Amino acid sequence: MAESPITARGKDFAAWYQDVVLSGDMAEPAEIVKGCMVIRANGYAVWEVLQRELDQRFKDTGHQNFYFPLLIPQSFLQKEAEHVEGFSPELAVVTIAGGKELEEPYVIRPTSETIIGHFFAKWIQSWRDLPMLTNQWANVIRWELRTRMFLRTTEFLWQEGHTAHSTHEEAIEEVLRMLDVYADVAENVMAMPVIKGVKTKSEKFAGALRSYCIESMMQNGLALQAGTSHDLGQNFGKAFDVKFQSKEGQLEYVWQTSWGVSTRLIGGLIMSHSDDRGLVLPPKLAPNKAVLVPIYRKEEERAPVLEAASKIAKDVGAKLDDREGQSPGAKFYHWERRGVPIVLEFGPRDLASGNIILKRRHTGLKEMLTQAGIAEAIPAALEQMQTDLYTAAKQRLWENTVLADSIEEVEDILSGVTAEKGGGKFVMAHVKDDAICDARMKQFKATIRCIPLVDEYDGPGKCIVTGDVVPQRVVIAKAY
RNA sequence: CGGGGCGUGGCUCAGCCUGGUAGAGCGCCUGGUUCGGGACCAGGAGGUCCAGAGUUCAAAUCUCUGCGCCCCGACCA
């Protein structure tokens, strides 16, 4: 046994997740730095693919990348009352630098609304400067009490888009446009079905008027917020005096948005598709889409097999695993744990017959193909796999979504659900957007995940907590 | 911050109760035989036993203090 076995999902989902992350060469705990992780080669390669997909879409929608400082004057955070209240418990603060106590401490950015607000104020004067459409790829630090690799770590990587507009309508359009971008990447690249919705007032971003989100369901039935997009209104505009002169000559505060996704997406990806044999990556995100493992018994078979294998690998764009001293079996396990969608086996028998074996990661099935047909078979198999993964995840979401019409019913459905044991559901119920209702859900450790943008159920009904009539059902679940 | 666990070659851990100067498996290096789902043989390298203090002729082991990490709950992308 080359590496430790993977805990079965059914036995302990949280342990399974850790095992998959570690054995898939995705990340490991930073060990000497509390709550942080090292993103390893395979994990970072996946992040790079995600970055590429997202960044292209940001550019396509008119955004430009910037980079703002990691350190933010502490007083900046305090300029927006709700914002400071929301973030102060999570801040890391630099008080000494260059051997001297600082007159004003810096916080390490937990998010950049404030410092960007400062620069927007400097850059924006006229309606002609709007909209200002920026994005930055960065790391942030939020001091967390409870960390899990990718899902919540003290430091994480993300992108944060920040925009300023002349009207609220235009800002709202932007917020929804970027939410759609996130949903598109989640569903069509990551094969993760999502529900687009609005956060309740108590769950929204500190400082926003409204927060929109995409919520997805993990294999244990827990919800994961995969992305957020905020309508900041004029809150930060007022706090940082970001004003512009309108066409009519009036001085007005800008309307801002911010939106972000993080390396948490990778955690969601893992918990959506992987299995008891390790990581499963959707083809569109896989750094290596296919790997060819050559097989030879005798020394005289080595050269001809390797020569032919190398040619096939080159023709079909597969990585050739020609490492010496590792048996083919060890190589199969190696790539399986790392989520490679397709593994090709090629040995002396195939050399003689003109065939080749193709194995699909997600089904575990092997099939024999002709070498001539392999160049076409691979793209087809990858496409099929992408579809299969999405369909399976969508199916799971449907099967684990239930309706409830009383608070007791909701509590009953979600009682005993944990990250380890699983059994989670999305419970659709009528609940009012009121702090009392959010608090009631917390009593059994669930949250209102969102109010879906599209009501797929029965319209208005009575709130199961307050009895007031509300427009539609909301998603209630236990979450990461 | 509460509860639990842990800290010993690169990794997983045994040894600790009952002190006597450090071991196993895996990995690594060299050579050979292997190779269609985790190969085998032989030889070899590698350790301030988390840190500090104490007890003792003698501490990985006993006592105290500190540090760190992981897991489970309360805050959160």
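The basis for the numbers below is simple: all heavy atoms, side chains too, and nothing from hydrogens, waters or symmetry mates. Note that the coordinates shown come from a computational prediction; the quantities given were computed from them, not determined experimentally.
Projected onto RNA chain B by closest heavy-atom contact, A:Ile295 and A:Cys36 fall at different nucleotides, the more 5' of which corresponds to A:Ile295. Remark on RNA chain B: of its neighbouring residues A:Pro29 and A:Ser202, the 5'-side contact belongs to A:Pro29, judged by nearest-heavy-atom nucleotide.
Heavy atoms of A:Thr147 sit under 4.0 angstrom from primed sugar atoms or phosphate atoms, though from no base atom. Among the atoms of the strands shown, only primed sugar atoms or phosphate atoms (P, OP1, OP2) are found under 4.0 Å from some heavy atom of A:Glu90. Within the 4.0 angstrom heavy-atom criterion, base atoms lie near A:Glu345. At the heavy-atom level, A:Lys199 lies nowhere under 4.0 Å from the strands shown. No engagement by A:Phe205 is indicated, since no non-hydrogen atom pair under 4.0 Å with the nucleic acid exists. Counting non-hydrogen atoms under 4.0 angstrom, A:Lys445 reaches the backbone sugars and phosphates but no base. Contact annotation for A:Gly260: no contact, since no heavy-atom pair falls under 4.0 Å across all strands. At the heavy-atom level, A:Pro110 lies nowhere under 4.0 Å from the strands shown. Heavy atoms of A:Pro89 sit nowhere under 4.0 angstrom from any nucleic acid atom. Across all strands shown, A:Arg323 has no heavy atoms under 4.0 Å from either base or sugar-phosphate atoms.
Spacing between B:A22 and B:U8 at atom C1', rounded to whole Å, works out to 8 Å. For the C1' atom pair drawn from B:C64 and B:A24, the interatomic distance equals 32 Å after rounding to whole Å. Atom name C1', nucleotides B:G23 and B:U61: the rounded distance is 15 Å, in whole Å. Of the C1' atoms belonging to B:U56 and B:U30, the separation is 45 Å, rounded to the nearest Å. Taking atom P in both B:C6 and B:G43, the straight-line distance is 36 Å, to the nearest Å. B:G9 and B:G47 have their P atoms separated by 11 Å, with the value rounded to a whole Å. Atom C1' of B:U63 sits at a distance of 24 Å from the matching atom of B:A14, rounded to the whole Å. Straight-line distance between the C1' atoms of B:G15 and B:G32: roughly 36 Å, to the nearest whole Å.
Contact of the A:His334 side chain with the A:Gln326 side chain is not registered, since no non-hydrogen atoms from C-beta on lie closer than 4.5 Å.
For B:G73, the paired base is B:C1 (Watson-Crick or G-U wobble, both distances below 3.5 Å). If you check B:C16 for Watson-Crick or wobble pairing at under 3.5 angstrom, you find it has no partner at all. As the counterpart of B:A53, B:U63 is assigned, both hydrogen-bonding distances of the Watson-Crick or G-U wobble pattern falling under 3.5 Å. Of all nucleotides present, only B:A39 satisfies the Watson-Crick or G-U wobble test against B:U33, with each distance under 3.5 Å.
Here A:Phe332 does not pack flat against the base of B:G38, since the 5.5 angstrom centre distance and 30 degree tilt limits are not both met.
The side chain of A:Arg264 sits closest to B:A77 out of B:A77, B:G73, B:G38.
Put simply, CD on A:Glu301 is 9 Å from C1' on B:C35, counting in whole angstrom units. Protein atom CE of A:Met37 is 12 Å distant from nucleotide atom P of B:C70, rounded to whole Å. Going from atom NE2 of A:His334 over to atom C1' of B:A39 covers 18 Å, rounded to whole Å. Protein atom CZ of A:Arg277 is 11 Å distant from nucleotide atom P of B:G38, rounded to whole Å. The interatomic distance linking A:Arg146 (CZ) with B:C70 (C1') rounds to 10 Å, in whole Å. Rounded to a whole Å, the CZ atom of A:Arg338 is 17 Å from the P atom of B:G38. Rounded to whole angstrom, the span from the CZ atom of A:Arg302 across to the C1' atom of B:C35 amounts to 12 Å. In this structure, A:Glu420 places its CD atom 18 Å from P of B:G4, rounding to the nearest Å.
Close to B:C71, at under 4.0 Å from its OP1 or OP2, lies a side-chain N or O of A:Gln18.
The distance from the CD1 atom of A:Ile6 to the CZ atom of A:Arg277 is 9.0 Å, given to the nearest 0.5 Å. Interatomic distance, A:Cys213 SG to A:Tyr182 OH, rounded to the nearest 0.5 Å: 12.5 Å.
The distance between the ring centers of A:His162 and A:Phe66 does not fall below 6.0 angstrom. For A:Phe240 and A:Phe76, the gap between ring centers is short of 6.0 Å. Taking the centre of each ring, A:Phe87 and A:Phe205 come in below the 6.0 Å mark.
Here the side chain of A:His63 pairs a donor or acceptor atom with the backbone of A:Phe58 at under 3.5 angstrom.
A donor-acceptor contact under 3.5 angstrom links the side chains of A:Thr200 and A:Asp438, judged on distance only.
In this model, a side-chain donor or acceptor of A:Ser262 finds a partner on the base of B:A77 within 3.5 Å.
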